[in-house]
Amino acid sequence: MRTVADLEERLARPRGVLVDDLRKLDGDLLILGAGGKLGPSLVRLALRGVAEAGTSARVIAVSRFSEPGLADALRDEGAVVVEADITDDAALAALPDAPNVVFLVGAKFGTSGREHATWATNAYLPGRVAQRFADARIVALSTGNVYPLVPVTSGGCVEATPVQPVGEYAMSCLGRERVLTHFSERHGTPLALIRLNYAVEMRYGVLVDVASAVLADQPVDLTMGHANIVWQGYANEVTLRALHHARTPPFVLNLTGPELVSVRQVATALADRLGREARFTGTEAPTALLSNAQLCHRLFGYPDVPVAELIDLTADWVGDGLPLLGKPTGFQRRDGNF
């Protein structure tokens with residue numbers, strides 16, 4: 001992949017299993033938060049999947065679309081684009097009805113000092129959306145941050161692990177899950193909650209954070225010494241396919257890759273490919289934020305882009321100075337403050 005267009009095409013390339021699942025969906029697909037980090041690539045994947053499925057379903061992309069040109073680009077690619085701020089009740093009420101809703105809206109960075117706004121976005125707004133689309137099936141993106149830090153030797157948290165969020169962001173995300181669950185059970189709305197950590201592609205993610213530090217000759221913090229990562233194209237695919245698993249009580253799914261990724265080993269591998277020397281600070285803590293995604297892999301198969309390939313692609317991309325989103329993940333934070 002040598003250009004943004006190459007990357008977007010790879011992210012939007014549907015596998016046959018997704019095409020088959022989209023063919024079985026009844027009606028249109030409404031994607032809320034289509035202008036965020038995952039949104040554009042998920043919309044494009046849905047568009048290509050629906051086209052290959054040969055159905056008449058519309059893919060409706062909803063966002064404020066603060067990125068110049070994005071709304072027009074998605075419109076040109078076939079999406080029905082609705083430019084709206086859904087925190088406004090009138091704008092939310094005016095959205096078109098759809099039987100399939102993917103909810104991607106969330107706030108993470110800038111939480112410290114603006115905790116009230118984070119809670120409004122992550123916990124209050126989902127309730128308003130759940131009331132507006134009570135007759136739909138909903139897949140809502142959540143996060144593995146709702147889990148506690150666990151021993152690196154534990155294999156990671158499973159869906160039944162008691163939640164213990166650290167920090168306002170993680171607590172507000174658990175609030176989102178609880179509020180959505182309340183309205184799911186109240187209205188009988190089928191719901192799937194997707195606990196994702198951490199999606200990566202070549203412009204952002206844990207690997208980009210580490211590669212950028214190595215390239216800039218900055219020390220890589222090893223305190224959060226291990227992490228889970230997953231190719232964003234696979235994350236988008238599973239999110240769309242989870243529409244068929246939405247239910248009441250909600251279907252909860254950990255979404256990440258199968259590997260326990262060592263930050264030290266990743267930094268060393270990236271440094272080798274970049275022709276640099278990795279420098280480190282801190283030592284690996286015995287605990288980390290880790291999720292066990294065996295259920296996901298059993299239901300949806302394994303990610304189609306393995307970690308070794310992701311490392312190679314990231315090194316090439318960052319080393320060549322290709323565009324980045326400039327949105328660090330903050331995966332190193334152990335206090336939950338973002």
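Counting begins at 1 with the first residue of the sequence.
- At a threshold of 4.5 Å between non-hydrogen side-chain atoms, the residues L299 and F251 count as touching.
- Ion pairing of R13 with E8 is absent here, as no side-chain N (NZ or NE/NH1/NH2) approaches a carboxylate O to less than 4.0 Å.
- Of all non-hydrogen atoms in G106 and R176, the two that sit nearest each other are CA-NH1, 3.8 Å.
- V102 is connected to L255 through a chain of hydrophobic side-chain contacts under 4.5 Å among Ile, Leu, Val, Met, Phe, Trp and Tyr, so both are in one cluster.
- In the hydrophobic cluster analysis, where Ile, Leu, Val, Met, Phe, Trp and Tyr join through side-chain heavy atoms closer than 4.5 angstrom, L141 is grouped together with L45.
- The aromatic rings of Y234 and H297 sit tilted, their planes meeting at an angle between 30° and 60°.
- The backbone N or O of A192 sits nowhere less than 3.5 Å from a side-chain atom of H245 that would complete a donor-acceptor pair.
- A salt bridge is defined here as a Lys NZ or Arg NE, NH1 or NH2 lying under 4.0 Å from an Asp or Glu carboxylate O, and D320 with R2 meets this definition.
- The distance from the CG atom of L18 to the OG1 atom of T239 is 10.5 Å, given to the nearest 0.5 Å.
- Here R333 does not pair with D221 in a salt bridge; the nearest charged N to carboxylate O distance is not below 4.0 Å.
- One finds the CG atom of L29 at 7.5 Å from the CG atom of L22 (value rounded to the nearest 0.5 Å).
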**Report entry** side chain to side chain contact (heavy atoms under 4.5 Å, CB included) between L222 and T283, intermediate numbers included
**Finding:** CA-CA 5 Å; L222 293 178; T283 57; 5.9 Å; no
Requested in this report: Could you walk me through whether V80 and V59 pass side chain to side chain contact (heavy atoms under 4.5 Å, CB included), step by step?
Outcome: CA-CA 6 Å; V80 176; V59 178; over 6 Å; no
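- Each of V17 and I194 belongs to its own hydrophobic cluster when Ile, Leu, Val, Met, Phe, Trp and Tyr are linked at side-chain heavy-atom distances under 4.5 angstrom.
- Looking at every heavy atom in both residues, A315 comes nearest to R273 through CB-CB, 3.7 Å.
- For the pair L290 and L260, the minimum side-chain heavy-atom distance is below 4.5 Å.
- Checked by atom type and distance alone, the side chain of N122 never pairs as donor or acceptor with a backbone atom of S172 at under 3.5 Å.
- When each of T329, V307, I311 is checked for a side-chain contact (heavy atoms from CB on, under 4.5 Å) with I229, only V307 meets the rule.
- The salt bridge (Lys or Arg N to Asp or Glu O under 4.0 Å) search around R15 returns E237, not counting sequence neighbours.
- Across every non-hydrogen atom of R44 and A12, the tightest pair is CB-CB, 3.7 Å.
- Between G27 and N100, the shortest heavy-atom distance links the atoms O-ND2, 3.6 Å.
- Heavy-atom neighbours of Q265 CD from other residues, nucleotides or ligands within 6.0 Å: at or below the threshold of 12.
- Side-chain contact check for L324 versus W317: some heavy-atom pair is nearer than 4.5 Å.
- Atom OH of Y147 sits about 10.5 Å away from atom CG of L174, to the nearest 0.5 Å.
- A donor-acceptor pair under 3.5 Å is formed between the side chain of T121 and the backbone N or O of A117.
- Clustering ILVMFWY residues whenever any of their side-chain heavy atoms sit less than 4.5 angstrom apart, transitively, puts M202 in the very cluster that holds V210.
- Summarising the geometry of V163 relative to P165, their closest heavy-atom pair is C-CD, 3.9 Å, with the distance given to 0.1 Å.
- With hydrogens and angles disregarded, a donor-acceptor distance shorter than 3.5 Å links the side chain of D28 to the backbone of R58.
- Note that the CZ atom of F133 and the OG1 atom of T189 stand 11.5 Å from one another [nearest 0.5 Å].
- Using modelled atom types, one side-chain atom of E159 and one backbone atom of N254 make a donor-acceptor pair closer than 3.5 Å.
- Counting heavy-atom neighbours within 6.0 Å of D135 CG, excluding the residue itself, gives a total of 12 or less.
- R23 places no side-chain N or O within 3.5 Å of a backbone atom of V50 that could act as its donor or acceptor partner.
- Hydrophobic clustering (ILVMFWY, side-chain heavy atoms < 4.5 Å, transitive): L180 and V139 are in distinct clusters.
- Sorted by first then second residue, the side chain to side chain donor-acceptor pair (under 3.5 Å) pairs that include residues 286-295, not counting sequence neighbours, are N197-S291, T287-R334.
- Side-chain contact between N145 and C173 is absent, with no heavy atoms from C-beta onward closer than 4.5 Å.
- Side-chain contact, Y204 with Q232: a donor N or O sits under 3.5 Å from an acceptor N or O.
- The distance from the CZ atom of R64 to the CG atom of D85 is 5.0 Å, given to the nearest 0.5 Å.
- For E9, the CD atom is densely surrounded, since the number of other residues' heavy atoms within 6.0 Å is greater than 12.
- The backbone N or O of V261 sits nowhere less than 3.5 Å from a side-chain atom of E259 that would complete a donor-acceptor pair.
- Judged by distance alone, with hydrogens and angles left aside, the side-chain atoms of D6 form a donor-acceptor pair with the main-chain N or O of T3 at under 3.5 Å.
- The backbone N or O of D209 sits nowhere less than 3.5 Å from a side-chain atom of S212 that would complete a donor-acceptor pair.
- At a threshold of 4.0 Å, the pair E177-R195 counts as salt-bridged, since one of the basic side-chain nitrogens sits closer than that to a carboxylate oxygen.
- The distance from the CG atom of L32 to the CG atom of L92 is 8.0 Å, given to the nearest 0.5 Å.
- Counting heavy atoms from C-beta on, the side chains of L295 and F300 never come closer than 4.5 Å.
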Query - CA sep, side-chain torsions, deciding dist, call: V200, V208, side chain to side chain contact (heavy atoms under 4.5 Å, CB included) - result: CA-CA 8 Å; V200 302; V208 169; over 6 Å; no
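- Here the side chains of L253 and V238 are in contact, with some heavy-atom distance below 4.5 Å.
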Report task. Could you walk me through whether R276 and D217 pass salt bridge (charged side-chain N to carboxylate O under 4.0 Å, His left out), step by step? Result -> CA-CA 8 Å; R276 301 298 176 96; D217 195 32; over 6 Å; no
Query raised in the report: How far apart are the C-alpha atoms of L38 and L196, what are their side-chain angles, what is the distance that settles it, and do they pass the side chain to side chain contact (heavy atoms under 4.5 Å, CB included) test?
Result: CA-CA 11 Å; L38 271 69; L196 171 66; 3.8 Å; yes
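- Closest heavy-atom contact between A98 and A136: O-CB, 3.4 Å.
- At a threshold of 4.5 Å between non-hydrogen side-chain atoms, the residues L207 and Y198 do not count as touching.
- Within a 6.0 Å radius of CG in D26, no more than 12 heavy atoms belonging to other residues, nucleotides or ligands are found.
- Using modelled atom types, no side-chain atom of T248 and backbone atom of P250 make a donor-acceptor pair closer than 3.5 Å.
- In this structure, the side chains of W119 and Y124 stay at 4.5 Å or more apart for every pair of heavy atoms.
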